[in-house]
There are 2 protein chains.
Amino acid sequence: MMSITIPSPADFHVHLRQGSISELITPHVRKGGFDLAYVMPNLKPPVTSTEQALAYKADLERIDPNVEYLMTLYLSPELTPDEIRKAKKAGLVGVKSYPRGVTTNSDGGIESYETYYPIFEAMQEVDMVLNLHGEVPSDANANIHVLNAENSFLPHLFKIHEAFPSLRIVLEHATTRAAIEAVKKCGPTVACTITAHHLALIVDDWAGQSWNFCKPVAKYPDDRQALRNVVKEGHPRFFLGSDSAPHPPHAKSTSTPMHACAAGVYTSPILLPLVAHLLESFGALDKLEGFVSKNGRAFYKKPLDSQHQGRIVTLRKTQVGKLVDEKYVLGSESLVPFWAGKEINWEIAE
Amino acid sequence: MMSITIPSPADFHVHLRQGSISELITPHVRKGGFDLAYVMPNLKPPVTSTEQALAYKADLERIDPNVEYLMTLYLSPELTPDEIRKAKKAGLVGVKSYPRGVTTNSDGGIESYETYYPIFEAMQEVDMVLNLHGEVPSDANANIHVLNAENSFLPHLFKIHEAFPSLRIVLEHATTRAAIEAVKKCGPTVACTITAHHLALIVDDWAGQSWNFCKPVAKYPDDRQALRNVVKEGHPRFFLGSDSAPHPPHAKSTSTPMHACAAGVYTSPILLPLVAHLLESFGALDKLEGFVSKNGRAFYKKPLDSQHQGRIVTLRKTQVGKLVDEKYVLGSESLVPFWAGKEINWEIAE
């Protein structure tokens with residue numbers, strides 16, 4: 001029997017929502033094999049203050065106290081350098097920038113990041129991490145669309161990195177060869193998360209198939225190959241951030257002429273077996289530990305050592321493919337995971 | 001009041017299906033303002049013989065005798081030069097090649113067209129039209145996907161045109177700048193249809209929005225601009241082929257993790273007002289008559305003259321936008337058109 005043990009897997013990008021759906025999904029972090037969750041702040045309303053973030057963290061710990069939650073703030077005009085210092089003292093780890101923020105008060109987006117430079121300065125000073133959703137808004141007049149929105153963002157990454165060379169930056173959920181190369185070109189303060197589903201999908205997979213639709217959209221086969229290659233290479237600044245994002249089944253399955261489907265793929269409950277399955281499929285299984293634990297922990301300064309060992313998770317190769325659950329239910333909430341009904345060749349041994 | 005009269009509009013690419021759905025949609029050709037329908041042969045089973053085509057034509061004429069139906073055969077290995085000659089004598093007009101056919105008995109697709117050269121030779125001889133669905137199959141290993149499948153097909157177009165310079169060829173439902181330029185480069189025997197919806201949509205519009213999903217998929221803003229430009233230019237070898245393709249609402253609206261939505265956009269019942277609306281939006285209203293009647297009729301040798309006048313259709317600009325119907329129903333069949341619930345500024349005056 002083939003098995004692999006991974007010390008304390010960490011998911012460096014996950015949406016844990018709030019309210020009843022949070023009760024269903026928060027335990028899925030651990031169910032999916034993970035010990036640490038880097039938690040996105042895009043709640044309603046967004047998490048823009050230290051108090052909110054701490055209250056949110058307390059909520060998550062109540063639901064499942066066995067996971068370490070690293071908390072983030074939502075980059076917005078209300079944020080101040082003082083709030084950044086306060087956040088750092090309270091143990092918050094990062095600030096997330098969403099595309100909407102890119103264009104507030106600007107046409108092209110480039111200039112608008114400069115309005116946040118006092119925030120970035122404070123973040124650099126106290127050593128908080130900037131998490132970038134690296135897409136510019138679509139603009140038909142400029143021929144910018146969902147497939148080149150990430151490439152068009154990369155000049156912003158370079159510019160911020162140049163202005164704040166000590167600021168730790170993570171380009172989130174990279175989907176393109178250009179993004180991989182851009183991150184590689186940057187210094188050691190710039191890293192990159194890759195989702196499980198972007199290691200599996202290309203544009204053909206979400207054409208007419210809303211369950212595979214997410215943002216950034218999966219790109220071309222050559223882009224997927226570049227993602228797979230950088231994982232296979234074991235590059236230390238690339239690591240897993242699942243971007244696991246739950247939506248109610250009807251919002252995923254059904255569009256009307258007036259309403260599109262929700263963007264997002266839900267991978268949390270099957271995450272570690274799925275990642276093992278995918279890495280094995282392109283010959284990178286030996287890089288699993290680096291990709292899901294060591295690399296991200298090193299960048300985020302959460303290494304495993306004598307103080308912190310975490311859970312040792314054992315993955316076992318299944319004799320016959322194991323079917324992914326069709327649905328997860330709690331009360332009136334239900335969720336359909338990525339690859340529902342498909343086979344995965346790995347399972348968590350417990 | 002602003003109005004336009006168009007002599008005998010012609011839709012040079014339409015799917016009229018069979019059975020009960022055909023009863024609902026065939027009258028929509030005329031409802032949408034059209035006098036002539038160039039009918040696709042992809043029924044179940046496909047129309048591969050003259051007898052089948054004539055029986056199908058009789059069916060359509062029974063449903064609505066006021067439309068002229070130009071009939072086509074499905075290019076397949078069973079087709080023979082003799083059948084081509086027979087088809088021509090019986091009044092059939094064209095032969096349609098689908099991507100599936102491209103790859104039968106071949107890996108890359110290029111060689112496979114050569115197996116059809118005896119057919120093309122006969123078609124050239126008797127002056128039948130070859131209608132090409134211009135996409136190669138996706139192939140991740142060759143980085144071919146839904147967005148470059150049309151560009152990757154263009155070498156086939158050039159090759160067939162070179163081998164059969166007198167064979168009339170139509171590149172169907174072009175979606176890219178490269179395709180427009182390729183057709184322009186060819187001689188006068190090569191023409192191109194453009195759909196209404198590809199004048200409206202880009203990739204962002206079908207991302208997560210299955211109602212706008214069709215094949216070929218809508219491409220980038222720059223590609224849409226190239227389609228609009230060639231219409232605005234009034235190029236005589238470019239004309240309307242709606243590719244109007246009905247699917248049951250549930251097949252359009254709903255995907256499951258195992259099944260994607262159906263590809264196709266249904267425009268027939270609103271076609272002429274929609275095309276007028278779109279052409280007006282990019283300043284090409286003065287090219288409407290050429291695009292929906294003269295250009296295609298000239299290429300297909302169905303010109304309007306003293307023998308054939310057809311219906312004169314009057315389009316009237318509405319004072320307030322007219323809402324597109326939410327649904328069309330006949331018995332147990334129902335259909336939701338493109339732009340359901342949206343406003344169109346033109347209507348047919350009758």
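Sequence lines set the chain letters: A, B, ... in the order given, protein chains first and strands last, and positions in each chain run from 1.
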Enumerate, atom names and distances included, each donor-acceptor pair closer than 3.5 Å involving a side-chain atom of residues 257-268 of chain A, sequence neighbours excluded.
{"from": "A:Tyr266", "atom 1": "OH", "to": "A:His28", "atom 2": "ND1", "distance (Å)": "2.8"}
{"from": "A:Ser268", "atom 1": "OG", "to": "A:Ser244", "atom 2": "OG", "distance (Å)": "3.2"}

### Query
Given A:Trp206 and B:Trp206, is the side-chain contact (heavy atoms from CB on, under 4.5 Å) satisfied, shown in steps?
CA-CA 10 Å; A:Trp206 57 264; B:Trp206 57 265; 3.2 Å; yes
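- Looking at every heavy atom in both residues, A:Leu147 comes nearest to B:Leu147 through CD1-CD1, 3.0 Å.
- Rounding to the nearest 0.5 angstrom, the gap separating the CG atom in A:Asn143 from the CD1 atom in B:Ile202 is 8.5 Å.
- Taking all atoms of both residues into account, the shortest heavy-atom contact from B:His145 to A:Val203 is CB-CG1, 3.8 Å.
- One distance of note links CG of A:Asn141 with CG of B:Asp222; it measures 11.5 Å at 0.5 Å rounding.
- We find the OG1-NE2 distance between B:Thr254 and A:His250 to be 12.0 Å, quoted to the nearest 0.5 Å.
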### Task
May I have the step-by-step check of side chain to side chain donor-acceptor pair (under 3.5 Å) for A:Ser210 and B:Ser255, ending in yes or no?
CA-CA 7 Å; A:Ser210 55; B:Ser255 64; 2.6 Å; yes
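- For a heavy-atom cut-off of 4.5 Å, chain A lies close to B:Val336 in residues 327-338 of chain B.
- Comparing B:Ser138, B:Ala140, B:Ala207, B:Ala340 by how many heavy-atom pairs each has under 4.5 Å with chain A, the most go to B:Ala207.
- Rounded to the nearest 0.5 angstrom, B:Asp139 CG and A:Asp204 CG are separated by 10.0 Å.
- Heavy-atom distances place no part of A:Lys215 under 4.5 Å from chain B, backbone and side chain included.
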